[in-house]
Undergrad: 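The following block contains the structure, expressed as C-alpha cells.
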Amino acid sequence: MKQSIVHIALLVREYDEAIDFYTKKLNFTLIEDSYQAEQDNRWVVVSPPGSVGTTILLARASKPEQEQFVGNQTGGRVFLFLNTDDFWRDYKEMMAQGIEFVREPKEEPYGKVAVFKDLYGNLWDLIELNEDHSISKRIKSTL
C-alpha cells in the first residue's frame, strides 16, 4: 500500500490576500485557483517553490465558527514546517519581505530553525534539516 497527504487546508479570511502573501512574500507557486459554482467558493492551492509533495489548500472561512480559528488552527503551536535547502538565503529574503520572526534562528541537533508568522498569525518553522536527519534521508530517497 502507498498513501500520501495531498493537501493541508489552511483557513484564511480572504482568498486574494492569502494568495498575495504566499506567492509574493513566501515565493510559493499558485498551483490552482478555480471557482466551484456548486459550493460558491474557490479551490486555491499553493506550494513552496520546487516542492513535489503536500500542497496547501487556502480555504476561506465560510462560517462564524471557522472564522475564530483563522490564524490559530493549532492553539498557538507551530503548525507548518517549511524545509529549505538554504536556511540563510530564505531567512534573509523573508526578513526583507517583512515576515515577522517570533523566534530567532538557532542551531539544533536536527538542523537550523527559526519560527515565523504568516499573515494571519499561524506559526511556521523555517527549517534546514541536517543531511543525516531521518526526514532528509527519506526526502532524498524519493527524488
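Keep in mind the model is a prediction, meaning the values are calculated, not measured. Positions are given from 1 along the sequence.
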Undergrad: Do the side chain of Lys25 and the main chain of Gln97 share a donor and acceptor less than 3.5 angstrom apart?
TA: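 Checked: pair present.
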Undergrad: Give the cluster check for Leu119 versus Met94: same hydrophobic cluster or not, with ILVMFWY residues linked at side-chain heavy-atom distances below 4.5 Å.
TA: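 Looking at the clustering, Met94 is in the same group as Leu119.
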Undergrad: Students often mix this up, so state it plainly: with edges at 30° and 60°, are the rings of Phe87 and Tyr91 parallel, tilted or perpendicular?
TA: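 Parallel, since the angle between the ring planes stays under 30°.
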Undergrad: Using side chain to side chain contact (heavy atoms under 4.5 Å, CB included) as the criterion, point out the one residue from Thr55, Val52, Leu30, Thr54 that pairs with Ser47.
TA: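 Between Ser47 and the candidates, side chain to side chain contact (heavy atoms under 4.5 Å, CB included) is satisfied uniquely by Thr55.
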Undergrad: Is the number of heavy atoms from other residues, nucleotides or ligands within 6.0 Å of CZ (Arg89) greater than 12?
TA: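 Yes, because the 6.0 Å sphere around CZ of Arg89 holds more than 12 heavy atoms from other groups.
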Undergrad: Please go through Leu123's hydrophobic cluster and name the other residues, only I, L, V, M, F, W, Y counting, with side-chain heavy atoms under 4.5 Å joining them.
TA: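 Taking Ile, Leu, Val, Met, Phe, Trp and Tyr as members, Leu123 shares its hydrophobic cluster with Val78, Phe81, Val102, Val115.
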Undergrad: Check the orientation of Phe116 and Trp124. Use parallel for under 30°, tilted for 30 to 60°, and perpendicular for over 60°.
TA: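 Rings of Phe116 and Trp124: parallel, as their planes differ by under 30°.
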Undergrad: Is the backbone of Ala114 close enough, under 3.5 Å, to the side chain of Glu104 for a donor and an acceptor to pair up by distance?
TA: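 Not a single qualifying donor-acceptor pair exists.
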Undergrad: Give the cluster check for Phe101 versus Leu26: same hydrophobic cluster or not, with ILVMFWY residues linked at side-chain heavy-atom distances below 4.5 Å.
TA: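 Yes, Phe101 connects to Leu26 through the hydrophobic network.
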Undergrad: Does the side chain of Asp118 come under 3.5 Å of the side chain of Tyr22 through a donor N or O and an acceptor N or O?
TA: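 Yes.
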Undergrad: Are Tyr120 and Glu17 linked by a side-chain donor-acceptor pair shorter than 3.5 Å?
TA: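 The answer is yes; a qualifying pair exists.
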Undergrad: So, Tyr15 versus Asp33: side-chain donor-acceptor pair below 3.5 Å or not?
TA: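 Note: Tyr15 and Asp33 side chains miss the donor-acceptor criterion.
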Undergrad: Charged N to carboxylate O under 4.0 angstrom, Lys106 versus Glu108?
TA: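 A salt bridge links Lys106 with Glu108.
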Undergrad: Is a salt bridge present between Lys112 and Asp86, judged by a nitrogen-to-oxygen distance below 4.0 Å?
TA: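 Salt bridge between Lys112 and Asp86, a charged N being under 4.0 Å from a carboxylate O: no.
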